[in-house]
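Numbers here are sequence positions counted from 1. Just so you know, these numbers come straight off a predicted model, no measurement behind them.
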Amino acid sequence: MRTTFKTVCCGLALALSAAAGLAGTGPDGYPQRPLRIIVGFAPGGGTDILARMLVKPLQEQLKQSVIVENRPGAGGAVVTGQLKSLNDGYTVMLNSVGPLAVVPHLGAKVPYNVEKDFAPLTLIAVQPNALVVNAALPVKNLQEYVDYVKAHPEKSSYGSSGIAGGGHLAGELFRSYSRVALTHVPYRGGGPAMNDLLGNQIPALFSTLPALGDFTSSGRVRVLGVTGGKRSPLMPNIPTIAEQGYPGYEVLNWYCMIAPAGMPEPVLNFLNEQFVKAIKSAEVQKAMAAQGYEPDTGTREELRAFIASESVKWAKLVKERGITAE
């Protein structure tokens, strides 16, 4: 039988109705089965780590299992395009700045419309990146790195977790500030990028702080600067890039939860409440602090307005730098 929008909506309504009185704690007994959180990056990266922090408190609140499903590809843009067709009432996505505020401006046609295809739930957290290099690179600080790359253009490549992600934006903005001809190497997530940095396949990487793990303390990589406007509590001895001769430089990753458009309003409001509650739990606050995240939540409309403002901001950099999807 051909699946239509009406069929999907009717099926969702029946599923929610059938859930009444079951284990769920939301409207009409929602949810009656596991909630799935899609992550558009490989396991081990910052987005994946953040999603898994939320699993335990959400399971306790919802009285249902919560499953994190990794679908890496094109910096999260591929699965973002798939999300609108996953309107089963039990699928949401932990998304970020790239797919929602940058990819739509890269020139290539994207298979989704941020405003029309998705229902914002809540902002989750913000976090800086860090510029790290393989310890074998003969540089000790940011200025030495800039001088070295200018003298050795074959070492100009830097990795990131994917096109249009926070790491890519950090690299392109630094390229504008430093006037160094850096070459971007996108990966399918932070984990694979870190593996190639450790293997000396790339000399540098703009990485999320959680992905650094024990590599800094073991001396395998060297952190040259963080991309936020202030030092990270996780690495208070590492200066910001702005501090090191580039005033005004600032790039923050931000993470939010979205759902496919068309989910019932009572369910969307309920999920907003549940995610905000989980983020504000002592357990998640402690875990985020340990990983260098700054928790940040709000209403669905606040997230909608925030995404729109970020889209305007990064569209300008994309145009100035001539960034494309390739």
Side-chain angles (χ1 to χ4, degrees), residues 16 19 22-41 43-71 76 79-80 83 86-97 99-100 118-127 166 208-211 233-234 252-260 263-307:
L16 293 177
L22 296 180
T25 59
D28 293 326
Y30 180 92
Q32 65 167 332
R33 55 189 175 87
L35 180 72
R36 177 171 52 160
I37 299 176
I38 301 293
V39 172
F41 296 92
T47 310
D48 177 68
I49 291 171
L50 185 57
R52 294 179 190 279
M53 287 181 188
L54 302 174
V55 169
K56 184 179 177 182
L58 284 173
Q59 289 182 154
E60 293 173 351
Q61 294 165 203
L62 299 175
K63 310 302 180 186
Q64 284 287 357
S65 297
V66 176
I67 300 167
V68 175
E69 181 179 322
N70 299 88
R71 293 191 182 187
V79 71
T80 299
L83 181 64
L86 300 176
N87 196 359
D88 59 0
Y90 290 87
T91 301
V92 297
M93 183 178 182
L94 201 163
N95 218 305
S96 57
V97 56
L100 297 180
F118 309 124
L121 291 176
T122 181
L123 193 65
I124 293 176
V126 298
Q127 180 195 56
T208 58
L209 302 185
L234 197 62
L252 289 171
N253 296 295
W254 51 262
Y255 305 90
C256 67
M257 200 67 66
I258 62 173
M263 285 179 66
E265 286 292 310
V267 172
L268 292 171
N269 291 333
F270 172 72
L271 289 175
N272 166 270
E273 294 169 0
Q274 296 306 304
F275 277 109
V276 170
K277 182 178 179 180
I279 294 163
K280 291 184 176 180
S281 68
E283 178 182 358
V284 172
Q285 294 273 313
K286 182 178 180 181
M288 284 190 180
Q291 297 286 355
Y293 292 105
E294 297 178 25
D296 199 343
T297 62
T299 67
R300 292 170 52 208
E301 287 307 312
E302 286 172 340
L303 175 56
R304 186 184 300 279
F306 176 73
I307 292 173

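Judged by distance alone, with hydrogens and angles left aside, the side-chain atoms of Glu69 form no donor-acceptor pair with the main-chain N or O of Val39 at under 3.5 Å. Put simply, the side chain of Asn70 gets close to the backbone of Phe41: a donor and an acceptor are under 3.5 Å apart. In this structure a side-chain-to-backbone donor-acceptor pair under 3.5 Å is missing from Thr297 to Leu123. Side chain of Lys63 to main chain of Glu60: a donor-acceptor pair is present (N/O by atom type, distance under 3.5 Å, no hydrogens or angles). Put simply, the side chain of Gln64 gets close to the backbone of Gln32: a donor and an acceptor are under 3.5 Å apart.
Summarising the geometry, atom CD belonging to Gln127 is positioned 5.0 Å from atom CG belonging to Leu209; distances are rounded to the nearest 0.5 Å. Taken to the nearest 0.5 Å, the CD1 atom of Ile38 stands 7.5 Å off from the CG atom of Leu83. How far CE of Met257 is from CZ of Phe118: 14.0 Å, rounded to the nearest 0.5 Å. Rounding to the nearest 0.5 angstrom, the gap separating the CG atom in Leu303 from the CD atom in Glu301 is 9.5 Å. The structure places CG of Leu35 at 10.5 Å from CG of Leu54, a figure rounded to the nearest 0.5 Å. Summarising the geometry, atom CZ belonging to Phe306 is positioned 5.5 Å from atom CH2 belonging to Trp254; distances are rounded to the nearest 0.5 Å.
Residues in residues 264-287 take part in no ring pair (Phe, Tyr, Trp, His ring centres under 6.0 Å) pair, two or more places apart or across chains. Within the structure, side chain to side chain donor-acceptor pair (under 3.5 Å) contacts touching residues 267-280 (residues at least two apart or in different chains) are Gln61-Gln274, Asn269-Arg300.
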Check step by step if side-chain contact (heavy atoms from CB on, under 4.5 Å) holds for Leu86 and Met93. CA-CA 10 Å; Leu86 300 176; Met93 183 178 182; over 6 Å; no
Check against side-chain contact (heavy atoms from CB on, under 4.5 Å), Leu252 and Glu294: CA-CA 10 Å; Leu252 289 171; Glu294 297 178 25; 5.6 Å; no
Let me see the working for Thr208 and Ile49 under side-chain contact (heavy atoms from CB on, under 4.5 Å), right down to the final yes or no. CA-CA 10 Å; Thr208 58; Ile49 291 171; over 6 Å; no
Derivation of the side-chain contact (heavy atoms from CB on, under 4.5 Å) call for Leu271 and Tyr30: CA-CA 10 Å; Leu271 289 175; Tyr30 180 92; 4.0 Å; yes
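The shortest non-hydrogen separation linking Pro99 to Thr80 is CB-OG1, 3.5 Å. A pairwise comparison of heavy atoms in Gly298 and Val276 identifies O-CG2, 4.0 Å as the closest pair. Residues Ile67 and Pro34 come closest through the heavy atom pair CD1-CB, 3.9 Å. Across all their heavy atoms, Ala259 and Leu268 have their closest contact at CB-CD2, 3.9 Å. Shown here for Pro27 and Pro266, the closest heavy-atom pair between the two residues is CG-O, 3.8 Å. Considering every non-hydrogen atom in both Ser65 and Gln59, the closest pair reads CA-OE1, 3.6 Å.
Residues Met288 and Leu50 are in side-chain contact: their nearest non-hydrogen atoms beyond the backbone lie under 4.5 Å apart. Residues Asp88 and Arg33 form a side-chain contact, since some pair of their non-hydrogen atoms from C-beta on lies under 4.5 Å apart.
Using a 3.5 Å distance cut-off with no hydrogens or angles, the side chains of Asn253 and Ser96 do not pair a donor with an acceptor.
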